[in-house]
Amino acid sequence: MTAQAMAPAGVPQKIEHILERFHETHRAEVPVLVAQARALAAGGVVPELADHLERMGEALEEHMFKEEMRLFPMMEQGGGTLIGLLLDDLEREHRAHELAIARLEELLQALPATPEAAALAAGCGKFVTDLHRHVAAEDEDLFLLFGAREQRAAGRVVQA
């Protein structure tokens, strides 16, 4: 039996979708948002926003690395005795992403009505939508293929 044959049906396709649609998108878009926020911060506009976006990007990169190097290979091999602990850890990080999104949305409210700020706000809006969809694709679909999950408290918070 191959490693993929041991995995629940559809797991490799779901992982590939998450990698292509979300991981690659976040890696391409977050640095652009940070740069836009830094440009605004250089003019004194919501300097905390750039730092917050940068911390969100770093936390997200750590999270995606765990998925790519540990979780997804384990899933493609059908799971394992420790998959529940890893899923618990990653779900805590998902809750922390939600807290970071809430803080990001607060900071975005402080942006002035300028074209540059509007462009940043639009980009952040897309990022937030993508991140919510990313978390849902994992929590409400992929992770459930490896057993029922419990909602847990937030993990590492990236707020200032």
Assess whether a salt bridge exists between Arg55 and Glu48, defined as any Lys/Arg side-chain N lying under 4.0 Å from an Asp/Glu carboxylate O. no

Mind checking the CZ-CD1 spacing from Arg103 to Ile101? Nearest 0.5 Å is all I need. 14.5 Å

With hydrophobic residues grouped by side-chain heavy-atom distances under 4.5 Å, do Phe65 and Leu60 end up in a single group? no

Any non-hydrogen side-chain atom of Met56 less than 4.5 Å from a side-chain atom of Leu131? yes

Say you draw a straight line from NZ of Lys126 to OG1 of Thr129; how long is it, rounded to the nearest 0.5 Å? 8.5 Å

Hey, what do you get for CE (Met64) to CD1 (Ile18), rounding to the nearest 0.5 Å? 12.0 Å

Heavy-atom side-chain contact between Phe22 and Glu138 under 4.5 Å: no

Pair His23 + His134: ring centers closer than 6.0 Å: yes

Applying side chain to side chain contact (heavy atoms under 4.5 Å, CB included) to Val11 and Phe72, what does each step give before you reach the verdict? CA-CA 9 Å; Val11 166; Phe72 293 164; over 6 Å; no

For Val46 and Ala110 the tightest heavy-atom approach is CG2-O, 3.6 Å

Less than 3.5 Å apart, any donor N or O on the side chain of Asp139 or His94 sitting next to an acceptor on the other? yes

Is Arg92 paired with Asp88 through a side-chain N to carboxylate O contact shorter than 4.0 Å? no

Salt bridge check: are Glu68 and Arg27 linked by an N-O gap of less than 4.0 Å? yes

Minimum heavy-atom distance Glu67-Pro73, with the two atoms named: O-CD, 3.8 Å

Starting at CD of Glu76, measure out to CG of Leu71 and round the result to the nearest 0.5 Å. 9.5 Å

Pairwise side-chain contact, Val135 with Glu93, heavy-atom cut-off 4.5 Å (strictly under): no

NE2 of His26 to CD of Glu29: how many Å apart, nearest 0.5 Å? 8.5 Å

Please report the interatomic distance CG(Leu142) to CG(Leu87), rounded to the nearest 0.5 Å. 8.0 Å

Leu53/Cys124 under side chain to side chain contact (heavy atoms under 4.5 Å, CB included): CA gap, chis, key distance, verdict: CA-CA 9 Å; Leu53 276 168; Cys124 286; 4.0 Å; yes

Exactly one candidate in Val32, Val45, Leu33 meets side-chain contact (heavy atoms from CB on, under 4.5 Å) with Leu120; the answer is Leu33

Verify same cluster id: Leu145, Ile83 (apolar side-chain graph, 4.5 Å): yes

Hey, are Arg38 and Asp51 close enough for a salt bridge, meaning a charged N less than 4.0 Å from a carboxylate O? yes

CZ (Arg133) with more than 12 external heavy atoms under 6.0 Å: no

If you take all heavy atoms of Pro112 and Ala117, which pair is closest and at what distance? O-CB, 3.2 Å

